[in-house]
Each structure stands twice: as structure tokens, then as C-alpha cells.
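Protein chains get the first letters and strands the later ones, always in sequence-line order, with residue 1 at the start of each.
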Amino acid sequence: MLFKTHPSKFYSLPHTQKSSIPPIQAFTTLLKSCSSSPYQLKQIHALLLTTGLSIKNRLITHLLTNLTLLGHMSYARQLFDEMHKPRTFLWNTLIKGYVKNELPIEAASVYRQMHLIGVRPDSFTYPFVVKACAQLPELWAGGAVHVHVVKYGLEFVSMVRTELMIMYVKFGEMGLAEFLFGSMVERDVVAWNALIAVCVQNGFASKALGLFHQMSLAGIKPDAVTIVSALSACGQLGCLEIGEETYGVARKEGIDCNIIVENARLDMYIKCGNTDMARTLFNKMPQRNVISWSTMILGYAINGETEKALALFSRMKNEGVQPNYVTYLGVLSACSHAGLVNEGWAYFNHMAQSGHKNIQPRKEHYACMVDLLGRSGHLEEAYNFIKRMPIEPDAGVWGALLGACAIHHDVKLGQHVADLLFEVAPDIASYHVIMSNIYAAVGRWDFVDKVRLKMRKKGVKKVAGYSSVEFNSEFHFFYGGDRSHPQSAYIYEKLEVLLKQIKSIGYIPKTSSVFHDVETEEKEVTISTHSEKLAIAFGLINVRPEYPIRVMKNLRTCDDCHNFSKFVSKITMREIIMRDKIRFHHFRNGVCSCKDFW
DNA sequence: GTAGGGTTAG
């Protein structure tokens, strides 16, 4: 700031002997507040050298720190390399810089170099080195670093241990993380929060809720950060009751009036399929940021309330809130879920032509457009659209087209797309399953077997489908053909009665069900005991009639289950809300909110 | 003189 407005003042500073501010202090202040361009920083550096102050490590450190914060890592590295015997904290600063700029390999190599030269790392070094290891694709470096940590006797340093825990959860090593946590000397609120947050972020939501519970038993008061992670876990699991209880805790602790907490709560309502509660909260929030708006828009989109999503988007712009690229993902997926091709094009073109750097279409937006075009039957157009992409299409983009080929039974294009897709992402089970479903739908069982064989050879395993229902603040999980639930006998009995009833009003099981990008449950399990059917039967037995039955599914639902749910909602007069992998289906009186377009 | 945790999307 100072530099921009009064450059002359700045340049004269170090030379002004008479100045009341000593030069070193002046530099320090300046560099601390400095957020200048690399050019300006270079000038400052040059000035430091000419005034003979370069030996002052303190100033160099500020400069180095500023460079790393601004992302000018190559210049920071150059500065570092010019130093004579940099001390440990300077090494730490450089490593920290690489980690903050998500350059874990560079960070790790600086750490290695440190070792080779014989500079002893300290307790400030490891939090960052471990964080770098957590950003690497494989765990082995992290394991080696853990050994060093033990060797230097730093394993009980709270922050080092916290970072190690985070690293292990990221690599799915929950057991190791829990061991480290359990044997921690002081488990403060931040350590709890770190573990809970990383569990949520890596798909261990029920583990996160378990920890949240344990935390209160241990007498540690949650803060806003804890609540945000807990609410996020509830959203992931789709548990509205526990979500409300969590919010109750926040209110009791007086940490509910925080925009991040409110956004997390908003998201929780959305992910539980309750747009009414979300809207009520949204409307009474004293402040809303772009995340609040985007969450609400996306919420309408995935719940099939397309008009509301688009209306909210224009209200957002009228109120002068700048949409970001996530907001546009919400808008485009609203169009996609409703088959609004023209509107989708209009929004997409607006993004591309806006001139705003932060809303230039990204791969996700392209995938959304491909999905929209493909789902609506414009397969050729979708393919050409990908071919014209200015950025390299990724698996998500090709996957969207493959999914569309499955819906429209286009074997030829499907095969072609699969070839391209498996070049980019050979090991993703769901894409192989879609391809096998494409063949299955047209009766090419020879090819189906080939795909299965290929999967077996590659060791690609499909994910088992399951559905869950929350009841009395507890989860009930069902797999296809599952008989492990204590109420199993009643559930199957109920299911039988339901099938008889709906058959009498026209339900015909679609045994040759068309698969969308669904991964079917085990082959031997008949269609009548798909996990969502069991979950619905369970819900009908247990959930009070005034409440809807909320079923959460990890994969997409199949045609037959979709049809089944419509009929059941009709004869039982119950609302069934089903969340599949990418959207909601609200079944009321025989009709689904998705209008059978998904 | 430096250190650990949070919301949308993927």
C-alpha cells in the first residue's frame, strides 16, 4: 500500500539517516504489510543488498514469507539459494511455502536436502513436512517421515501428531489415525476438530459423528468449527434428526450465529432433501455470501425445483452478489436435471463470453453440458462439443457422455467413448459397469462377459449398493437381499404385501430394467429385494405417518425401484424422498419430482 | 520470528 501511493518515500527510507524510524524497523514494517508484485519485491531485495542489510536474516525472512504467500515460489527458492547457511526456521519457511502452494514434491525435496546437509529439523518443520506427505499420491514417504519424527522424539508434539493423524485418514488408515489420537498427550479442541473434519472430508461421516459424540463425553466443548464438520457429516449421511440435534448443541453453546455454521446447516437441510427448511433458514439469515446462494441454488437443482433454482439465481444477480463457478454448476445442473437445453446453452455461453476470469467454464461445466445434451438425446452434439473443448476433457466429461449412451442405448458411440475414457481412467469401476449395462440392455451378453472378465483381470471391483434410513436418530443400512436387520421378517412380509397391492393397480416389475449409470447389486439378488425396496418397507413399518420416508442411496437407483416407489407412494399415501448418487426423487401420490427424467 | 481445525462444487 505504502509503496503504491508513496514510492519516493519508500525509496528514501533506508538512506535517511536522520529519519526517526530506524531502517531495519522500517523495512520490517514495510515487508510485513507488503503484498506487492514480484517486480516490487525484487526491487526491495535489490535495495536490501545495496544498503548492506542483506545479512539481516529477519528481513530476508519477511521477504521470503511474502514471496511464498504470493505464490512466487521460484523467486523464493532463488532468494533462499543465495543465502549463506540458512538457519532452520528459513528452511521451515521454504517448506511451508511449497506446502501452501500445493507443491508437495518440492517441499519433500527441500526436506531431503535439509537432511543431506545435516540441518536438524525441529518441531516447526514437521507439521509442514507431514502436510506435504499427505498431499503426495502415496503413503510411503509419509511413513518414512513418521519414523524420523519418532527418531527426533517429536511424536508427542501436539501439532505434529495432529498432522500425522490427518495424513493417515487421507490415506484411509483410520486405525493408525485413531491410535495416534488415542495416545495423544493433550487432546485439545483443535485436535478433535482436525480429526472430525478430515473424517468428514474423506467419507468417514459416521466415524466423524461418533467422534463428535465421544468429544462431548470427554467434556470438551465444541466450537463453531466442530459444529460445521458435524453438520457436514449429517448432510453426507442424510440424517435430519441428528442434524437438528447438532444445531441444538450449537444454539446452546451460542455459536449458531456464524455464517459458516449457517451455511453448513443450510447444506445439511438440502442434503436431507428438505428444501422448505433450507428456504426458511436462507430467508432469515442476517448475512448471505456466495456460498449461501450457491448452496440454495444447487439445493433446488438437485431436488428437481428447477424454476426456483433459476429464479433464485436471477435474484442473486439483482441483489448484486457475484456468482462464482460453483454457482454456475448449480445453474447448469438445474438445467440438466430438467432437460432445459436452450437455457443451459444460454448460461454456458454467458459464462464463456463474460470475460470474468473466475467464471470461465471449467471441466465440471463441460461435463454438466455434456450431461444435459446427452441426457436429452443430443448425443452427436455432445460428442462434437467435447471435441471442440479448449481444455483437455477428463474422465468426468467422457463419463457423462457414456452415461448418456447408456440411457439411449447407443452401443456404437458408447464403445468409442469407453475406449477414450479408459485411456484417461482405466480403473474406475462405475464406468466399466455402465459399459456392461449398455451391452446388457441390447442383449450382447458376450460383451457383458468380456467387460466382467476385464474388470476381474484388472482387479476393479464394483461398489456394493446400499440404502439407509434414519429412524430415532439411528441409521439402518440395507444391502440388496439383506436379511441381517433385526426386523427382517417384518420387512420382507411388508414388501410382499406391497408388491401384491401395487401389482393390482398396474405395477409390472421390469426385470430387464434399463440401467442408467447404476451399478447393480449382486447379480444373484433378484430385483424385488433391491436395497431401496427394503429401506422403503422398513420406513413404512417404523416412520410415523406424518413424516416422509427418507431413503439415502450410495449409487443411482434403477428403473424398477423408481417405478416401485411411485406406486408405493400412491397406495400408501406416503411421501418417499430418495436421494441417489446425484439427485433427489420426491415421490408423492404416484408421481416423482424428477418427472421420470434422470 | 515461525505451528494444527470449518461451509457450496469435484
When the distance from CG of A:Asp267 to C1' of B:dG6 is rounded to whole Å, what number comes out?
-> 12 Å
Given B:dG6, B:dT7, B:dG4, the nucleotide with the shortest approach to the side chain of A:Ile291 = B:dT7
Find the distance A:Met296:CE to B:dT7:C1' and express it as a whole number of Å.
-> 15 Å
Less than 6.0 Å separating the ring centroids of A:Trp91 and A:Tyr111?
-> no
Which one, B:dT7, B:dA3, B:dT8, comes nearest to the side chain of A:Val157?
-> B:dA3
For the ring pair A:Phe212 and A:Trp192, is the centre-to-centre distance below 6.0 Å?
-> no
When we call it a touch if two heavy atoms are under 4.0 Å apart, what does A:Ser294 touch: a base, just sugar-phosphate, or nothing?
-> base
Take atom CD1 of A:Ile196 and atom C1' of B:dG4, then tell me their distance rounded to the nearest Å.
-> 14 Å
Could you check which of B:dG4, B:dT7, B:dG6 has an atom nearest any side-chain atom of A:Thr162?
-> B:dG4
Hey, does the Lys NZ or Arg CZ of A:Arg120 hover above the aromatic six-ring of A:Tyr152, less than 6.0 Å from the centre and inside 45° of the axis?
-> no
Contact class for A:Leu298 vs. all strands (heavy atom < 4.0 Å): base, sugar-phosphate, or nothing?
-> sugar-phosphate
Proximity to the side chain of A:Ala264 - top-ranked nucleotide from B:dA9, B:dT7, B:dG4 | B:dT7
Tell me which nucleotide among B:dA3, B:dA9, B:dT7 gets nearest to the side chain of A:Phe124.
-> B:dA3
Compare the minimum distances between each of B:dT2, B:dT7, B:dG4 and the side chain of A:Asn263, then state the nucleotide with the smallest one.
-> B:dT7
Could you check whether A:Val160 gets within reach of a base, just the sugar-phosphate, or nothing at all, counting any heavy atom under 4.0 Å?
-> nothing
d(CE, A:Met159; C1', B:dG4) in whole Å = 6 Å
A:Tyr328: which of A:Tyr347, A:Phe313, A:Phe348 passes ring pair (Phe, Tyr, Trp, His ring centres under 6.0 Å) = A:Phe313
Can you tell me the distance, in whole Å, between the CD1 atom of A:Ile166 and the P atom of B:dG6?
-> 7 Å
Confirm from the modelled atom types if A:Asp188 and B:dG4 form a donor-acceptor pair under 3.5 Å, side chain to base only.
-> yes
Closest to the side chain of A:Ala224, out of B:dT7, B:dG6, B:dG10, is B:dG6
Spacing between A:Gln236 atom CD and B:dA9 atom P, to the nearest angstrom | 10 Å
Give one of base, sugar-phosphate or nothing for A:Asn289, where a contact means two heavy atoms less than 4.0 Å apart.
-> nothing
Please report, rounded to the nearest Å, how far the P atom of B:dT8 is from the CG atom of A:Asn358.
-> 19 Å
Side-chain contact check for A:Asn92: nearest option of B:dT2, B:dT8, B:dA3 is B:dT2
Contact class for A:Lys96 (heavy atom, under 4.0 Å): base, sugar-phosphate, or nothing?
-> sugar-phosphate
Quiz item: A:Tyr126 side-chain donor-acceptor pair to B:dA3 base, under 3.5 Å = no
Answer yes when A:Lys207 and A:Glu178 have at least one side-chain N-carboxylate O distance shorter than 4.0 Å, and no when they do not.
-> yes
Taking only Lys NZ, Arg NE, NH1 and NH2, and the carboxylate oxygens of Asp or Glu, determine whether A:Lys553 and A:Asp580 approach each other closer than 4.0 Å.
-> no
Measure from CZ on A:Phe282 to C1' on B:dT8 and round the result to the nearest Å.
-> 12 Å
Which part of the nucleic acid, if any, lies within reach of A:Ser158 when heavy atoms closer than 4.0 Å are counted: base, sugar-phosphate only, or nothing?
-> base
Would you indicate what A:Ala197 reaches in the nucleic acid, counting non-hydrogen atoms under 4.0 angstrom: base, sugar-phosphate, or nothing?
-> sugar-phosphate
Among B:dA3, B:dA9, B:dG6, which is the nearest nucleotide to the side chain of A:Pro127?
-> B:dA3
